[in-house]
Amino acid sequence: MERLLIIGNGMATARLLKELVDGGCQFRVTVIGDEPRHAYNRILLSRLLSREIAGTDLQLLPESWLAEHNIEVITGVAVDEIDRNSKTALLANGDTVQYDQLILATGARSIMPALPGMEGPHVHQFRTWQDCEELESLGDQQKNVIVAGGGLLGIEAACGLAELGAQVTVVHSGQWPLNRQLDRAAGHLLAEALEHRGIRLMLGQRCASVLRDDDACLHGATLEDGTVLHGDAIVFAIGITPNDALARNAGLPVDHGICVDGHLRSEDKSIYALGECARVCGENVGLMEPVNQHAAILAGVLNGKDPDPWAPTPTPTRLKVTGEEVFSSGVLDDDSAEEIAFSDPVSQTYRKLIIKGQKLIGAVLLGDTSDGNWYHQLIINGDSIQSVRQQLVFGQLASENIS
Amino acid sequence: MSQACKNTTSTTCAYCGVGCGVVMTATESESGAVVWRATGDESHPANQGRLCVKGSALGDTLTPENRLLEPSIDGQTCEWDEALDTVASRLKKVIDEHGPDAVAFYVSGQLLTEDYYVANKLMKGFIGSGNIDTNSRLCMSTAVVAHKQVFGSDTVPGCYEDLELADLLVITGSNMAWTHPVVYQRIAAAKARRPNMKVVVIDPRRTATCDLADLHLALTPGTDGYLFDGLFAWLASNDHTDTDFISAHCENFEQSAAESLQRFKGIGELAKICGVEASTLEQFFQWFADNDRAVTVFSQGINQSSSGVTKAAAILHCHLATGRIGKPGATPFSITGQPNAMGGREVGGLANQLAAHMDIGNEAHRQLVSSFWNTDRLAAQPGLKAIEMFDAIERGEIKAVWIMATNPVVSLPDADRVRAALEKCPTVIVSDCVDNSDTLAFANIRLPASGWGEKDGTVTNSERCISRQRPFTEPAGQAMPDWWIITGVAQRMGFKDAFDYSCPADVFREHAALTGTANEGRRDLNLSALATLSDQEYEQLVPVQWPVSASYTSGTARLYADGHFFTPSGKARFVSTTPALPGRSTDARFPFWLNTGRIRDQWHTMTRTGRSTRLLNHIDEPFVAMHPEDLLALGLREGQIAEVSSPCGRIHVVVRSDAGQQRGSVFVPIHWTDQFASAARVDSLVPAITDPTSGQPEFKQVPVAVTSAQCQWYATVITHDHVPPLPGSLYWSAKPLAGAQEYRYAGQQQPDLDSLKSHWQDLVDDWVSLADSGSPHMRLVGYRAGKPVLWAALSSERVSPDSDWVARMMGEPDSLSPAALCLGQPLDGADTSPVVCSCLQVRQQTLTTLIGDGADDTEEVGRACGAGTNCGSCLPEITALIEQQQPTAMEATCE
């Protein structure tokens, strides 16, 4: 039986294992991860932070399931090096593991800018369960926290912290939070809602330095315009970068991720990569839907099927903060497109649909996002929406039942 | 709801001339309010328990909104005493300075006989002028003149039962399926029992009435006079006449027949004039010849014509020549429009009548009435007929006019000129039960009159049946009965003894006594058996057809069976019936014939029916119905706004496609006023051309132009509040909903979202909005204090929400999301197609589903969903739906 080694024990790996087993796995599988826990649902960390759910809710694959399928999982150990000649992985604890086929599922990490004062305690990320526990303690101590970055992760961290009682300031380079996912109107509505939660927003700003006293104790940050913010800790959520060093060091082609083809195969025929660490056909991914697509294709390849190669499709994004439902899909900025905008300040609902050539090409939903998937499907299908144009903004039920 | 019965009253319907008996039952709603429910009176001979949709909705119209509640003089409210003093003194001053002909009363077929009697008595008997005329001038005066010319008296010889007994029923100039639904239902039931009964409908339009037709003559507008003159000639020349009857009971037959024969160039030529197939015409003539039991029902299509009297007389000729008069199932039958047009005629409410079917020009009659009324001032000359009256007002010759229970600014022809005339008139007195009629705007003195349900008296229907209208509610505010108001003024003008009435029964007894005075069979109208009714007998009076005299104590179903007419010779007179085309003809500038009339669920100028939401669910906007190919030729689409214009004026109405219209001929309903639409008073298009003898205006054939109003946007607005029209709107119409109003707008330059918001900013705190940069579609829901108060949608075409549902949601906090409300209809798959059955609120989609599932006749549809089982007014439409879906089953009944 060939040995399949998977490096990295995150959501991509969990999904891949499930797909492999479902497809009749013929490998002896070993998974090595540097986090101390079995794979968990990282997406739910923000709700764990705000204590809406318990840790057990994050579990992806029960240990019993892993045992049942003879999957060996090594947790809390990093892999230092891959020797492609001997098809061996060298572990941080000195062990070596042989493989016939190797999967790299090392994920991504937060970008930590090289600012003065970054070295030292109280500079955080929000990627892992451990990060979450650290933020939880900041919140519980009602600390004054600066969150750098007003994208999905930054807003989720800020909301979770604020929920626990921290004083939160978000520093964001865009003119409104989630400026990649939301149009101006939705962004301003979200900004209002965040401020209503007690979160301070510093928009159009970046952190310039981390301020520390003589004891190297963090006490704030300066912004690029010279503003000084006081704070007990900083969380960086300004973006992610693929964990591709292991591949690079092994001599594999890397370009903002491990370069693989549509079947997730690298230049080395026995090495594959998927998820956030990979650059598939020149595309990086950061959302669950394409990662799941990767997993399905790769499982097919490994199980000897001949799946269609992966190709990028528009992927909707959602903000995972209870009470701040945000959905976004497709094109937001197109000066030649038409827009249908529904604005409801009464129940804080906003919808914008972007239409071009009588087709839906983009959708932004705030508040009630229940029709998000339906809009997303319309965007992908590209059918004419003209016959339901008046009802479209009211969602699927209205559009399909009223003509 | 507690169904505890508080009260039940038998009365007579307020609407059409069928005069149905209505039982009003009071129940208490949950909130403790009294809710009135109308049901058909099974004991009433006219309807035998049936009721049409308007009658069924009578309870809805008893709302306190827009009632005129207190008298006022020059804008200042006052006590009745002061109001009556002022009316009396102003009338007296005008009379003293300018003579009695400088004052006028313009009254109404909506008045009760007792009101009418005292109004006529005051004007003709004591002011001493003939200047009292009535809106019956607009609908029945032609029939009156024709009856008098031919019969010597204004007598409808037959009764409703004749329509059921006929083997051939000719319906001409009447869409009775909509205008007289209960009579129509009686006919439909009779035809169902006796399928051999033939129905011929003569109407330029294919109306709902044609559903019953074995033959439909869609004749060229205005040619019906030629048709009946030709029929008369054909009957005479083909030996289809009753020579015994003619020689015994008629005069002038030979001359009249010779004249008609001279004009008659054969069926082929006549068919060309009338625009119908010769074979169709021949079929009709042959049926008329073959069926002794033949009834010809005629109404406004005949009457409202510049040659209406000759048309009506030609119809009477055809019946006289065949001896088909006064016999069961054989009679001409003039069906009246209003609940008491007949009562008005009986008391002399027309300017050229005197009283009690006596003539102002007849010296003996004048002496009789002078002596009966004990007056030396009796008018010596006929007064001015309606159109002449308003011309005289315009010229300043009439300086004071008292308008009672009618809305001439809407209903008279050349209505914009009527408005201008009233604007100039120094003293305009208006008695009405509503505070917002278009006419009331010109009143110097406003007098609040009791409305239906409050009034006490009698009415006479189309078959001469006198019925009681009984009160069952307290008058609104200080409203008083019209007879009381008129009497109060008469007393203050110095005629105390002649107007010493304490109740309507006093007035009725006097009226009945006058009809019997020196009658002895000389006059058709004789109520002498009722002249001694006690107050209690009057209260309990059961419906009775006049004459009611010593000879006919329990009334009379038919007259003239004995061949005795009320001419000096006692014989019916054949007269000259030279037919004529309409007074105006179409031309390149005004190429369409405009026809006007009623729709099924509205009454007159909507002051009452416009209060009932369910009556507006059938048709809720003023419209022009046109043939689809005419629409195509004009580049118009259904739902757009059209401008319909004549040399007199122009209106803006919604376009409806109607294959029942002839090409080149359009129809606009008469109902919409300035209260309900921006510019939809169709009578502003009608020139004041009248029949030379009857004075009845030609409402049915008006040359008009139809063009697109070039509207680019259409808006629908629903709100609790009455809101001013949107700026920039060319067109608006209003419709009441339960506790809310619906407005529709249309215009050329589209307003933007912000200007819409600012227009309503006083009503609204927060706006929920929808805008589409790629289309004109926008929506708004306005919230005040967290509750929705305004719903609006604007687009390039009309957005049609479920208005009743939106209205229910208005003012409800948190009942559903703003988005769900903005959508304008519930999303539980509820049907929002048009309501077909107004009574049971059954919508079209329900019906089409049932029909699609195999319900192939109206009975089955009725069993399944109830539609059509209450009033039956919608049965023609249900039939049409069935035929639409099952074209093979359609019988070739209509041309």
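What's counted below: heavy atoms across the whole structure, side chains too, no hydrogens, waters or symmetry copies. By convention in this document, chain letters (A, B, ...) are assigned in the order of the sequence lines, proteins followed by strands, and residues within each chain are numbered from 1.
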| said: Restricting to non-hydrogen atoms, name the atom on A:Ala398 and the atom on B:Leu823 that form the minimum distance, rounded to 0.1 Å. | reply: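 Looking at all heavy atoms of both residues, the shortest contact is CB-CD2, 3.6 Å.
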
| query | If you look at every heavy atom in B:His777 and A:Gln390, which pair is closest and at what distance? | reply |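 For B:His777 and A:Gln390, the tightest heavy-atom pair comes out as CE1-O, 3.4 Å.
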
Could you check whether atom [atom1] of [X] has more than 12 heavy atoms from other residues, nucleotides or ligands sitting under 6.0 Å from it?
{"X": "A:Glu136", "atom1": "CD", "result": "yes"}
{"X": "A:Gln396", "atom1": "CD", "result": "yes"}
{"X": "B:Lys757", "atom1": "NZ", "result": "yes"}
{"X": "B:Asp754", "atom1": "CG", "result": "yes"}
{"X": "B:Arg637", "atom1": "CZ", "result": "no"}

| said: Quick check on the interface: out of A:Ala341, A:Gly367, A:Ala337, A:Ser347, who has the most heavy-atom pairs with chain B under 4.5 Å? | reply: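 So the answer, after comparing A:Ala341, A:Gly367, A:Ala337, A:Ser347, is A:Ala341.
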
| request: Flag the one option from B:Ala793, B:Ala820, B:Cys822 with the top tally of heavy-atom pairs under 4.5 Å to chain A. | output: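 Top option by heavy-atom pairs under 4.5 Å: B:Cys822.
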
| message | Under the side chain to side chain contact (heavy atoms under 4.5 Å, CB included) test against B:Pro818, which residue among A:Asp344, A:Thr349, A:Asp368 passes? | response |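 The side chain to side chain contact (heavy atoms under 4.5 Å, CB included) with B:Pro818 is passed solely by A:Asp344 among A:Asp344, A:Thr349, A:Asp368.
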
| query | Using non-hydrogen atoms only, which part of A:Ser343 is less than 4.5 Å away from chain B: side chain, backbone, both, or neither? | reply |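 Both the backbone and the side chain of A:Ser343 come within 4.5 Å of chain B.
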
| Just how far is it from atom OG of B:Ser773 to atom NZ of A:Lys352, taken to the nearest 0.5 Å? |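 One gets 9.0 Å once the value is rounded to the nearest 0.5 Å.
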
| field | Gap between atom CZ of A:Phe394 and atom CG of B:Leu821 - 0.5 Å precision | value |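 Reported value, rounded in 0.5 Å steps: 9.5 Å.
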
